[in-house]
Protein chains: 2
Amino acid sequence: MATSFAEENYLKIIYRLSESTLEDISTNAVAELTQTKAASVTDMLRKLAEKGWVNYQKYQGVRLTNEGEKIALSIVRKHRLWEVFLVDKMGFNWDEVHDIAEQLEHIESEALINKLDEFLDFPKTDPHGDPIPNKEGILPELGYLHLSELKENKACILMGVAKDSAVFLQLLTRLNLSLGAKLSVKEINPFDRSISLSINENAPVFISHEVAKNILVKLTKD
Amino acid sequence: MATSFAEENYLKIIYRLSESTLEDISTNAVAELTQTKAASVTDMLRKLAEKGWVNYQKYQGVRLTNEGEKIALSIVRKHRLWEVFLVDKMGFNWDEVHDIAEQLEHIESEALINKLDEFLDFPKTDPHGDPIPNKEGILPELGYLHLSELKENKACILMGVAKDSAVFLQLLTRLNLSLGAKLSVKEINPFDRSISLSINENAPVFISHEVAKNILVKLTKD
DNA sequence: AATATTTTTTAGCCTAGGCTAAAAATTTAT
DNA sequence: ATAAATTTTTAGCCTAGGCTAAAAAATATT
């Protein structure tokens, strides 16, 4: 069955919200991300349920069905591959690509997206470190931790971010935090959980717990 | 002023129709290319006139204003650049790219399209030989002739096509007619104006006047 | 347990962009 | 110069996907 622009957006957003929780997704949460009103969301959820893409019961929130998740994953795949294209081939910065990819993700051509995948050398992650589903909709398992979960004196490498708003990414850039940076947690302030962090062996800087929560890392042995 | 998907399509189609005639464009002609009904076209023409993008008087047909032409040229630029991308970088054939480019032409990002232009080395023509407007909306002057205009015994090179439907392009491919082919008009049949044509010095084949009309060439000296 | 607050849904409305059927204008043919 | 045929417009209707305001359900507070 064909999916409209709006339907694809809803499915993608429900998918995103599901990534970070096991609970059902609330109408309001969806409304916030789709930039629409709760009443409009209710309407659309009924329609999506009708088409078998979500399970939805009045007042109970919403979850994707397998079918719905398949569609969402194909949108996510397109979004992330286009982001790689925009950064690697077009020379955009990582904070500039979200809105353009938001449009490109709705281009309908299986053939194109698979050729693009090949052209980009089958990347596993997008410019923010987010995993790219393959043709079959399988996500590579990356097993990253949130920087905020680490104990003091742990060293790690910055592998991705859990949020890709332009302001957040620009903040990271200003702090010299880019993918691949070598990080070391020097101290955790017990009052506000802010972190004193050394970046690429330099003198430590402070970052808030909020920032640390949105940084994905993998531990290094030594 | 922002342009919707539908508005952009109408402007592009009116532009295309204007390319091949100096007369005003009829409602029916637009309806045919937009795949809608004449009544719907009438509605939209009123709206486009309201926005200052076309001159339109009831029953008198329609023409683009300068403003409208500027928008149309920016869509045409995007369409043709994406076609070059699809053929040169993604490896599609020239008869496969139209529908995908039809979607990509509506992606809104000045920055992206200019970077794409650069990435493709500022091509002057698309895979069908159609001229690509530059950033300022200026079309390169190519000065091609229609093969149907040539006299007997004239030699020329195939530079483009005036129609890009998949069936037409597939016919050309089957006849070995691709961009750059060396052509020579051996005979013109006075009955139906069909042409006996030698392609790359090979034994002549027959093509109809209708086909010849849609082939663009430039004359060679000898 | 009752009340207040928050969240979600319903009801009714709006706009963009389609459609059909009938009316009006234009063009062609007699 | 009429009549016939064709083209275009009008009128009224439809669907997708939004909205606001009011009602209903769920949740939180006293």
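In what follows, chains carry the letters A, B, and so on, assigned in the order in which the sequence lines appear, proteins first and then strands, with residues in each chain numbered from 1.
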Could B:K124 and B:E141 be called an ion pair, given the rule that one side-chain N must be under 4.0 Å from one carboxylate O?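 Not counted as a salt bridge, because no side-chain N and carboxylate O are separated by less than 4.0 Å.
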Under 4.0 Å between a Lys/Arg side-chain N and an Asp/Glu carboxylate O for A:R80 and A:E83? no
OP1 or OP2 of [N] versus the side-chain N and O atoms of [X]: is any pair under 4.0 Å?
X     : N      : result
A:S4  : D:dG17 : yes
A:Y10 : D:dG18 : yes
A:N28 : C:dT8  : yes
B:T42 : D:dT10 : no
A:K37 : D:dT20 : yes
B:S40 : C:dC19 : yes

Nearest to the side chain of [X], which nucleotide is it out of [options]?
X     : options               : result
A:A39 : C:dT9, C:dA21, C:dT8  : C:dT9
B:K58 : D:dC19, D:dT9, C:dT26 : D:dT9
A:A38 : D:dG18, C:dT9, D:dA26 : C:dT9
B:A6  : D:dA11, C:dG17, C:dT9 : C:dG17

When the distance from [atom1] of [X] to [atom2] of [N] is rounded to whole Å, what number comes out?
X     : N      : atom1 : atom2 : value
B:M44 : D:dT9  : CE    : P     : 15 Å
B:D43 : D:dG12 : CG    : P     : 13 Å
B:Q35 : C:dG17 : CD    : P     : 17 Å
B:M1  : C:dA16 : CE    : P     : 12 Å
B:K47 : C:dT15 : NZ    : P     : 11 Å
B:K51 : C:dA16 : NZ    : C1'   : 10 Å
A:Q57 : C:dT9  : CD    : P     : 11 Å
B:Y59 : C:dT26 : OH    : P     : 7 Å

Tell me, do A:H128 and A:L169 make a side-chain contact under 4.5 Å, heavy atoms counted? yes
Kindly indicate whether a cation-pi arrangement holds for A:K135 with A:F122, taking the cut-offs as under 6.0 Å to the six-membered ring centre and within 45° of the axis.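 No - A:K135 does not lie over the ring of A:F122 by the 6.0 Å and 45° rule.
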Going by distance alone, is a donor N or O of one side chain under 3.5 Å from an acceptor N or O of the other, for A:W94 and A:T173? yes
Hey, does A:T27 reach any base, or is it just sugar-phosphate, or nothing, if we go heavy atoms under 4.0 Å?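 If one applies the 4.0 Å heavy-atom cut-off, A:T27 turns out to touch the sugar-phosphate alone, with no base involved.
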Counting the atoms with a prime plus P, OP1 and OP2 as sugar-phosphate, which does B:F5 contact under 4.0 Å by heavy atoms, base, sugar-phosphate, or nothing?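 Here B:F5 touches no strand at all.
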